[in-house]
Novice: 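The structure's right below; bear with me while I get my questions together.
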Protein chains: 2
Amino acid sequence: MGNSQNKDALDSALAGKGLRMTRQRALVYEVLMDEGDHPTADEVHRRVRRKMPTISLATVYNCLEKLVECGLIRQVNRDRESSRFCGNMREHGHFHCNICGAVFDVDLAEPVLEQLAPKRGFRVDHFDITFRGLCPACSQEQTAGNRRTG
Amino acid sequence: MGNSQNKDALDSALAGKGLRMTRQRALVYEVLMDEGDHPTADEVHRRVRRKMPTISLATVYNCLEKLVECGLIRQVNRDRESSRFCGNMREHGHFHCNICGAVFDVDLAEPVLEQLAPKRGFRVDHFDITFRGLCPACSQEQTAGNRRTG
DNA sequence: CTAGGTGCAAAAGGTTTGCGGTTAA
DNA sequence: TTAACCGCAAACCTTTTGCACCTAG
């Protein structure tokens, strides 16, 4: 719950971009950092409303956009599903479970990434790596199911 | 333009899924293979209409969906922009230019990919690697611009 | 004080769907 | 012959926008 380290990071990041600190922005950032998961804008809205029932979805979108601009959070997209947001700013990939829909962070070996980037003339600013498949829980469940049904 | 190799691949892939061959599906597949680029559904529609003026956008979407299901084409998403479609089924990544918006295929070294995948319990079925930055043309143009303006 | 932010409701934009008529196998 | 497919238009869903009011600095 809202530790002061997060608040400081938010303060200085906003100040660095000439943006104001507002209660809405603080709360949006807080719920993202508290859970450390990958909620949709709608889910963020739901969580923030528990602490500020009047906040609108549009404001949540606005806040998320500013936080992304400040480099405080990342936007994670899975095909055309709702965007998800993520407070982990270390370079990492994502794993999307095809059954339960959960999103997991995947650490990446740094040197490997450089080998992948296109050479000759391209200037790479950023990359995304997304894996899909079955998470440990769903994978295990499916195996158990197969065992049962033959 | 519409070579018979493509047609054969389409025929057998559709048959394999119990789907019919229709003129619409053939044309959608054809324009994708002919150009070898990464058009949006809307752009595919525009191209196909040159050969079949009555085809609807909804049908193009339906055809694209079936072709993806058949494993004949891939859907390529860049954040929440329009989906793009790609006839190159080899395992590869994509580079999106932040200036001109063009999409380029990026070959990937196979052994590198295995090193990236999450271990312990995850079952990886698929992955996407997307790079962003400046393509050779835009990169060069920007460098030239900087030289001019100091 | 006032530029920037919020809340609301409506619009936008891409994609999907329901339905009556058409067609490949 | 008939299940699958097409074209159309309307629905859908996420995200963005315009505007009047509010508030942090």
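In what follows, chains are A, B, ... by sequence order, proteins preceding strands, each numbered from 1.
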Novice: Reckon A/Gln24 has a side-chain N or O less than 4.0 Å from the OP1 or OP2 of C/dG7?
Specialist: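 For C/dG7, OP1/OP2 do have a side-chain N/O of A/Gln24 under 4.0 Å.
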
Novice: Could you state the atom-to-atom distance from NZ of A/Lys17 to C1' of C/dG4 in whole Å?
Specialist: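 About 16 Å, once rounded to whole Å.
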
Novice: In whole angstroms, how far is the P atom of C/dG14 from the CZ atom of B/Arg46?
Specialist: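 So the CZ-P distance, B/Arg46 to C/dG14, works out to 11 Å.
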
Novice: Would B/Arg46 and B/Asp42 pass as an ion pair if we require N to O under 4.0 Å?
Specialist: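 B/Asp42 and B/Arg46: salt-bridged.
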
Novice: Can you tell me if A/Asp79 uses its side chain to pair, donor with acceptor, with the backbone of A/Glu81 under 3.5 Å?
Specialist: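 Answer holds: no.
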
Novice: How long is the line joining CZ of B/Arg25 and C1' of C/dT23, in whole Å?
Specialist: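 Distance, rounded to whole Å: 12 Å.
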
Novice: Might you work through the salt bridge (charged side-chain N to carboxylate O under 4.0 Å, His left out) test for A/Asp128 and B/Arg132, ending with a clear yes or no?
Specialist: CA-CA 9 Å; A/Asp128 280 321; B/Arg132 285 132 209 257; 3.5 Å; yes

Novice: Taking side chain as C-beta onward, heavy atoms only, is A/His94 less than 4.5 Å from A/Arg74?
Specialist: yes

Novice: Identify whether A/Leu27 and A/Met21 are in the same connected component of the hydrophobic contact network (ILVMFWY, side-chain heavy atoms under 4.5 Å).
Specialist: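 Yes, it is one cluster - the side chains of A/Leu27 and A/Met21 are joined through contacts under 4.5 Å.
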
Novice: Are A/Arg80 and B/Ser83 close enough that a side-chain donor and a side-chain acceptor fall under 3.5 Å?
Specialist: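 Distance-only check passes for A/Arg80 and B/Ser83.
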
Novice: Hey, can you pull the residues of residues 93-101 of chain B with a non-hydrogen atom under 4.0 angstrom from DNA chain C?
Specialist: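 Heavy-atom contacts with DNA chain C come from no residue of residues 93-101 of chain B; none.
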
Novice: Among D/dT23, C/dT6, C/dA24, which nucleotide sits nearest the side chain of A/Arg20?
Specialist: D/dT23

Novice: How many whole angstroms separate atom CD of B/Glu81 from atom C1' of D/dT14?
Specialist: 15 Å

Novice: With a 3.5 Å distance limit and no angle check, can you tell me whether A/Arg78 reaches the backbone of A/Thr130 through a side-chain donor-acceptor pair?
Specialist: no

Novice: Is there a residue in residues 54-68 of chain A whose heavy atoms reach under 4.0 Å of DNA chain C, and which residues are they?
Specialist: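 Heavy-atom contacts with DNA chain C come from A/Thr54, A/Ile55, A/Ser56, A/Ala58, A/Thr59, A/Cys63.
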
Novice: Does a side-chain N or O from B/Thr22 land closer than 4.0 Å to OP1 or OP2 of D/dC5, or not?
Specialist: no

Novice: So which one's nearest nucleotide on DNA chain C is more toward 5', B/Asp42 or B/Arg23?
Specialist: B/Asp42

Novice: Output the rounded distance in Å from CG (B/Leu27) to C1' (D/dC6).
Specialist: 13 Å

Novice: Without decimals, in angstroms, what is the distance between A/Glu69 CD and C/dG4 C1'?
Specialist: 13 Å

Novice: OP1 or OP2 of D/dT14 sitting under 4.0 Å from any side-chain N/O of B/Arg80?
Specialist: no

Novice: Taking atom C1' of C/dT15 as reference, at what distance in whole Å does atom CG of B/Asn77 sit?
Specialist: 12 Å

Novice: Flag the pair B/Arg123 / A/Gln142 as yes when at least one side-chain heavy-atom distance between them is below 4.5 Å, and no otherwise.
Specialist: yes

Novice: Can a side chain N or O of B/Ser83 be found less than 4.0 Å away from OP1 or OP2 on C/dT15?
Specialist: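 Checking C/dT15 against B/Ser83, a side-chain N or O does come within under 4.0 Å of OP1 or OP2.
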
Novice: Could you tell me how far apart B/Arg84 (CZ) and C/dT15 (P) are, to the nearest whole angstrom?
Specialist: 11 Å

Novice: Determine the interplanar angle of the B/Phe122 and A/Phe104 rings, folded into 0 to 90°, and report it as parallel if under 30°, tilted if 30 to 60°, perpendicular if over 60°.
Specialist: perpendicular

